Amino acid sequence: MAADDLIDIEGKVIEVHPGGTFLVETEAGTNVQAHLAGKLRRFRIRVVLGDRVTVAVSPYDLSKGRITFRHK
């Protein structure tokens, strides 16, 4: 799947799980289990509980995604 096929959704981190996964509550009220994108890991951008983030979600499975941006 190409990167432009993904859906970008904004949300808030509500749980931090071991292994680098996060539970993100979106603005629509749904929960998405997400992991950090490679660029965030590479540049050591910290994502903590309560951060507003952008999650890239596949249109086929809306329950899993990748955190691509951490808002200020």
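Positions are given from 1 along the sequence. Small disclaimer: the values here were computed from a predicted structure and weren't measured.
- Leu23 shares a hydrophobic cluster with Ile14; the chain of contacts runs through ILVMFWY side chains whose heavy atoms sit under 4.5 Å apart.
- Every side-chain contact (heavy atoms from CB on, under 4.5 Å) that Ser58 has, sequence neighbours left out, goes to Met1, Leu6, Tyr60.
- Here CD1 of Ile45 is found 11.5 Å from CD1 of Ile67. Values are rounded to the nearest 0.5 Å.
- Note: the hydrophobic cluster containing Phe69 does not contain Val47 (ILVMFWY, side chain heavy atoms under 4.5 Å, direct or indirect links).
- In this structure, CZ on Arg66 lies 10.0 Å from CG on Asp8, to the nearest 0.5 angstrom.
- For the atom pair CD (Gln33) and OG1 (Thr21), the distance works out to 5.5 Å, reported to the nearest 0.5 Å.
- Screening Val13, Val32, Val48 for a side chain to side chain contact (heavy atoms under 4.5 Å, CB included) with Phe22, the sole residue that qualifies is Val13.
- Nearest approach of Val55 to Gly65, heavy atoms of both residues: CG1-CA, 4.0 Å.
- Applying the salt bridge (charged side-chain N to carboxylate O under 4.0 Å, His left out) test to pairs two or more places apart or on separate chains, those with a residue in residues 52-64 are Glu10-Arg52.
- Side chains of Leu62 and Thr30 form no contact here, defined as non-hydrogen atoms less than 4.5 Å apart.
- Minimum interatomic distance between Arg46 and Asp51 (heavy atoms only, all atoms of both residues): O-OD2, 3.9 Å.
- The line from NE2 of His71 to OG1 of Thr54 is 3.0 Å long, rounded to the nearest 0.5 Å.
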